[in-house]
There are 2 protein chains.
Amino acid sequence: MTAHGPQASEQNKRPNTGAAKRRILDAAARLFRQRGFARCTVRELADAVGIQSGSLFHHFKSKDDILFAVMEEVIVDIDAALAERLDEATTAEAKIRALIHTQLVFTHGPRANATAVLVHEWAALSTEGQAALLERRRRYFDRWHAVFLLARQDGLVNLDPTVLQQLLHGAVVWTAYWYDPDGPMTLDELESAALSLVLKSAPVS
Amino acid sequence: MTAHGPQASEQNKRPNTGAAKRRILDAAARLFRQRGFARCTVRELADAVGIQSGSLFHHFKSKDDILFAVMEEVIVDIDAALAERLDEATTAEAKIRALIHTQLVFTHGPRANATAVLVHEWAALSTEGQAALLERRRRYFDRWHAVFLLARQDGLVNLDPTVLQQLLHGAVVWTAYWYDPDGPMTLDELESAALSLVLKSAPVS
DNA sequence: AAGCCAACCAAGCGCTTGCTTGGTATACTG
DNA sequence: CAGTATACCAAGCAAGCGCTTGGTTGGCTT
């Protein structure tokens with residue numbers, strides 16, 4: 001049952017290296033979200049992956065390190081995804097939509113677990129871990145801020161850009177607690193609803 | 001279920017009864033918020049109160065019970081505070097303002113710690129604990145919903161009431177993570193900013 | 001074929017955890 | 001005054017925790 005040992009694959013010299021790590025990270029994101037980091041034990045996590053608890057420490061040097069890895073991965077990816085979307089957006093309105101879209105996709109898409117962990121378990125990270133991720137975090141929010149400065153210049157919004165940015169970010173992040181992607185409302189509809197919140201006038205499309 | 005122990009009455013025969021409990025609950029709210037429920041130990045909590053860890057269990061039957069008591073107290077109080085504010089508000093706009101105001105005051109006022117614990121540590125509560133608080137929670141959100149149904153009828157807002165309610169609630173709750181009551185922006189200004197978010201047209205006073 | 005090394009298991013160590021126990025000081029009550 | 005209940009302390013227990021250790025396996029390289 002326990003298929004172990006590397007397998008042959010394309011040109012990769014170490015084809016299976018990292019596959020176990022991947023499964024650990026996915027299970028960790030799911031369990032850390034469901035049960036909380038502190039309440040999730042390494043034995044639980046190992047069971048979910050299908051290995052012994054001690055074997056986890058062959059891939060990560062500590063439980064804290066697993067949390068860090070989960071968070072680092074998602075924070076890097078969401079920042080990259082946002083950067084790409086913003087590049088493709090030309091108008092200020094399209095850029096605000098890109099902000100909302102990216103956050104919503106990460107919050108409710110395939111990366112939902114890791115995203116929730118990033119939001120929820122920040123305080124569980126060690127001081128050094130927080131410091132190591134802070135620059136990425138800042139970069140992500142700088143993008144938000146730049147968009148709202150632009151939108152304000154264009155007269156698209158009529159509140160203090162910083163406040164508006166934070167209120168919108170909260171509204172979107174909070175959807176994790178009530179919005180059901182399998183329910184009647186589509187993500188696109190939710191995106192439009194959030195967008196129309198921050199624009200002065202009538203709702204969009 | 002908070003044990004009652006000695007009777008508290010008008011002319012309190014045991015003036016100090018309940019004082020220890022009060023200090024435990026306050027310290028617990030603070031520590032559970034700062035460190036998280038799971039990472040905060042009963043020894044830590046006892047130290048903060050100035051008693052031995054074992055003595056905590058004279059007042060509460062378990063650590064879980066302390067969490068429950070913190071949450072129950074704040075959920076009852078915030079619902080009562082909201083009900084009172086809503087009664088005093090006549091127009092739909094004034095009622096929306098009451099929603100925002102109450103949530104903001106609890107999030108940033110003297111009850112900030114317990115409110116943050118209620119939001120953040122819900123998953124740490126036992127199944128029975130959640131069930132026991134669910135009715136109060138529902139009542140609170142029913143008040144939100146009724147206000148937004150009214151606002152929609154009055155043509156004050158132009159989005160689906162349920163979605164708008166959730167988005168606003170998220171925006172306001174999230175202020176816990178960025179708004180500084182000691183900073184340049186007053187709570188009233190923040191309240192107005194949040195209100196103008198959900199109203200269709202120009203910002204309010 | 002021999003050697004290497006990543007990937008795993010089985011066992012368990014040292015420590016911390018929530019909580020219990022037995023006892024004491026103090027205060028109120030009949 | 002004895003009787004009773006409260007509020008606490010000092011000590012420690014059983015369980016569970018993160019993590020370490022020593023050993024085995026099997027594919028890959030040379």
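A note on names: the letters A, B, ... follow the listed sequences, proteins ahead of strands, and every chain is numbered from 1. Heavy-atom basis, side chains included; hydrogens, waters and symmetry copies ignored.
At whole-Å resolution of the value, CG in B:D47 and C1' in D:dC9 are 14 Å apart. B:F57 places its CZ atom 5 Å from the C1' atom of C:dC19, with the value rounded to the nearest Å. Spacing between atom NZ of B:K21 and atom C1' of D:dT6 amounts to 12 Å, rounded to whole angstrom units. Rounding to whole angstrom units, CG of residue B:L56 and P of C:dT21 are separated by 17 Å.
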List the atom pairs, with distances to 0.1 Å, where a side-chain N or O of residues 161-174 of chain B and a protein N or O form a donor-acceptor pair under 3.5 Å, not counting sequence neighbours.
unit_1, atom_1, unit_2, atom_2, d
B:Q165, OE1, B:H145, ND1, 2.8
B:H169, ND1, A:W174, NE1, 3.4
B:W174, NE1, A:H169, ND1, 3.4

Show the atom names and distances, to 0.1 Å, of all donor-acceptor pairs under 3.5 Å that link a side chain in residues 120-127 of chain B to residues at least two apart or in another chain.
unit_1, atom_1, unit_2, atom_2, d
B:H120, ND1, B:Y177, OH, 2.6
B:E121, OE2, B:F37, N, 3.1
B:S126, OG, B:G129, N, 3.0

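Mapping B:S53 and B:G50 onto DNA chain D by nearest heavy atom places B:G50 at the nucleotide closer to the 5' end.
With hydrogens and angles disregarded, a donor-acceptor distance shorter than 3.5 Å links the side chain of B:S196 to the backbone of B:A193. Judged by distance alone, the side chain of B:R39 and the main-chain N or O of B:R35 form a donor-acceptor pair under 3.5 Å.
At C:dA10, one or more side-chain N or O atoms of A:Q52 fall inside 4.0 Å of OP1 or OP2 (strictly under the cut-off). Checking the phosphate oxygens (OP1, OP2) of D:dA7, a side-chain nitrogen or oxygen of B:H58 falls inside 4.0 Å. In this structure, A:S55 does not reach the C:dA7 phosphate: none of its side-chain N or O atoms is under 4.0 Å from OP1 or OP2. Between A:H59 and C:dC8 there is a side-chain polar atom (N or O) within less than 4.0 angstrom of OP1 or OP2.
The stretch residues 39-46 of chain A touches DNA chain D through A:C40, A:T41, A:V42, A:R43, each having a heavy atom under 4.0 angstrom from the strand. Interface residues of residues 61-73 of chain A facing DNA chain C, ordered by number: none; criterion, heavy-atom separation under 4.0 Å.
Applying the salt bridge (charged side-chain N to carboxylate O under 4.0 Å, His left out) rule to B:D77 yields the partners B:R111; only residues at least two apart in sequence or on another chain are considered. Judged as a salt bridge (charged side-chain N to carboxylate O under 4.0 Å, His left out), and not counting sequence neighbours, B:R137 has no contacts. Not counting sequence neighbours, the partners of A:F57 by the side chain to side chain contact (heavy atoms under 4.5 Å, CB included) test are A:V42. Considering only residues two or more places apart in sequence or on other chains, A:R139 meets the salt bridge (charged side-chain N to carboxylate O under 4.0 Å, His left out) condition with A:E135.
Legend: side chain to side chain donor-acceptor pair (under 3.5 Å) pairs involving residues 53-74 of chain A, not counting sequence neighbours, sorted by first then second residue: A:R22-A:E73.
Checking C:dC9, C:dA7, D:dC8 against every side-chain atom of B:I51, the shortest atom distance belongs to D:dC8.
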